[in-house]
2 protein chains.
Amino acid sequence: MKHADKSAVIASRAFACSDFGTAETGLSFTRPGSGQCMKRDTILDAAARAFCRDGFAGASIDLIAAEASVSRQTIYNHYRDKEMLFGAVVGEIMERMNAALSGILTTFPEKPDNLEQELTLFAIRLGKNCTCNRDGEFLRKLIQAEGERYPELFAAWREIGPARVWSTVSDKLARLAKSGALDIDDPDLAVRQFLALVNADLQFCGLMGKTPTEKEIENAARNGVRTFLRAFG
Amino acid sequence: MKHADKSAVIASRAFACSDFGTAETGLSFTRPGSGQCMKRDTILDAAARAFCRDGFAGASIDLIAAEASVSRQTIYNHYRDKEMLFGAVVGEIMERMNAALSGILTTFPEKPDNLEQELTLFAIRLGKNCTCNRDGEFLRKLIQAEGERYPELFAAWREIGPARVWSTVSDKLARLAKSGALDIDDPDLAVRQFLALVNADLQFCGLMGKTPTEKEIENAARNGVRTFLRAFG
DNA sequence: GTCAAATTAGACAGTATTGTCTAAACCGTC
DNA sequence: GACGGTTTAGACAATACTGTCTAATTTGAC
């Protein structure tokens, strides 16, 4: 199979891999309800750590199996080959990230009592549950490292991940502008700048090679929102 | 040799690798002045592309040799082993990036006639010659992918790279604030937010998987500076 | 307890990679 | 043209990894 084709297959399966295979895939899966579903999670977890640490090429199936306390063959039973395993890991993390994003997006202040405080809380939620947690780090690292090699794998996610955040927040900012709470010309630009400001200190930490603490996330959010409101308040 | 030790050795050599080895290293180097210095550059260039594309583990010496139109043995003659080659590549790119940064930093507006325009031009220079060029992409990708594996390799650079930018621009912002051209409480924070705003649209492009065009870099700078001045002008 | 499915350890072939070594070819200088 | 250093192609051993296969064992459901 040509590489591009394979990438597309992985991508198309990435989001479906949490349901259970049948004769169609030729793979044998644990039945739902079975307690051995845990094995799948253990494998995915160990694989995520390995891929994040060593990249796709650097991660070895043997090591993943050892880290998951599982035999190598079990991995091949569940996930045909390394690329399928990679696709499953990425797909699972994207799903989890999207679920988290959905939850957070609904908490964007609509009719704010105290706009600064509510925007800050929103930014803190975003930082703690998306930008700075393990899944966020994984996606950032893997998209940067393997994004060009598996374009279809990440293209789908962009639509329902970042793009959705931007358009949703853009709408809400536009509404706040209409209500007079903010002074915004271009809501799409304002979203990008809001997120950039809120992440400014977090990227600072990232460049310095350390993951920010909870306190640092909170301060980053406060700082970002304050400046955002100085510009658009 | 233990891994940590080796990493330190690579780091300590990374910035010195552009001068010419002697009996001390046991490696045979081309004499300065010799036209065959070109080989070294060709190798470094091909290696940079390969490491950036495939990561440290994924890049193969054979492929690098082929891409550089050089025999594998020549690479081993110049750079003992893969890790040394990696260190040399990273070191060269850091040096080049630092040189570019130094030049750009001196162009930060001191006594601006038109602050917005001059800040925008500064931001454009930064985008075109650092953030968005090949070296910038390389460093971003490699620091994220291999930063944890070779901490010493990047630690030195942080001091004379990003940290220097932050402190220099911070000083200059503080001076502009003192002169009344800006209204800034915390210049260190203002630097981070300035850079975040100016890079907001560029990261947007990056997340969408495409490198920004010149026009996009210019727009990003304009947008970022305008908002920065709305907040601090 | 029985049975089917899942898991395991290990052998195994095939392939890729790193790093060394050698002998021949090459190149610039004198 | 002779010479020293450089480059080259290729053979080579050592190692690592992927993916398959098998036979034995364990596990969960009934």
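Note on the helix from C/dG1-D/dC30 to C/dC30-D/dG1: angle between the axes of the first and last five pairs equals 30°, rounded to 10 degrees.
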Between the protein and nucleotides 11-14 of chain C, list every N/O to N/O distance that falls short of 3.5 Å.
| unit_1 | atom_1 | unit_2 | atom_2 | d |
| --- | --- | --- | --- | --- |
| C/dA11 | N6 | A/Arg72 | NH2 | 3.0 |

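Looking at A/Lys82, its side chain does come within 3.5 Å of a backbone N or O of A/Phe56 through a donor-acceptor pair. Side-chain atoms of A/Asn199 never come within 3.5 Å of backbone atoms of A/Leu202 as a donor-acceptor pair (strictly under, hydrogens ignored). Of the possible polar contacts, none joining the A/Arg125 side chain to the A/Phe108 backbone as a donor-acceptor pair under 3.5 Å is found.
Counting to the nearest Å, the C1' atom of D/dC12 and the CG atom of B/Asp62 are 13 Å from each other. Between A/Lys82 atom NZ and C/dT15 atom C1' there is a gap of 14 Å when expressed in whole angstrom units. Note: NZ (B/Lys39) to P (C/dC26) measures 13 Å, nearest angstrom. When the C1' atom of C/dT15 is taken as reference, atom CG of B/Leu63 falls 16 Å away, rounded to whole Å. One can place CZ of A/Arg40 at 11 Å from P of C/dA6, the figure rounded to the nearest angstrom. Atoms CG (A/Asp81) and C1' (D/dT20) sit 13 Å apart, rounded to a whole Å.
Residues A/Ile217 and A/Pro212 share a closest heavy-atom pair of CG1-CB, 4.2 Å. Across A/Leu142 and A/Cys52, no two heavy atoms sit closer than the pair CD2-CA, 3.8 Å.
With distances taken from any side-chain atom of A/Ser71 to the nucleotides D/dA9, C/dT8, D/dG19, the minimum falls on C/dT8. You'll find that the side chain of B/Thr74 is closest to D/dT7, out of D/dT7, C/dT18, C/dT7. Here D/dT7 is the nucleotide among C/dA9, D/dT7, C/dG19 with the atom lying nearest to any side-chain atom of B/Asn77. When each of D/dC17, C/dT18, D/dT8 is scored by its nearest atom to the side-chain atoms of A/Ser60, the top-ranked nucleotide is D/dC17.
DNA chain D is contacted by both A/Ala59 and A/Gln73; A/Ala59 maps to the nucleotide lying nearer its 5′ end (nearest heavy atom per residue).
An OP1 or OP2 oxygen of D/dT6 is reached within less than 4.0 angstrom by no side-chain nitrogen or oxygen of B/His78.
The six-membered or imidazole ring of A/Phe86 lies away from that of A/Tyr79, with a centre-to-centre distance of 6.0 Å or more.
Taking OG of A/Ser102 as the start and CE of A/Met97 as the end, the distance is 11.5 Å to the nearest 0.5 Å.
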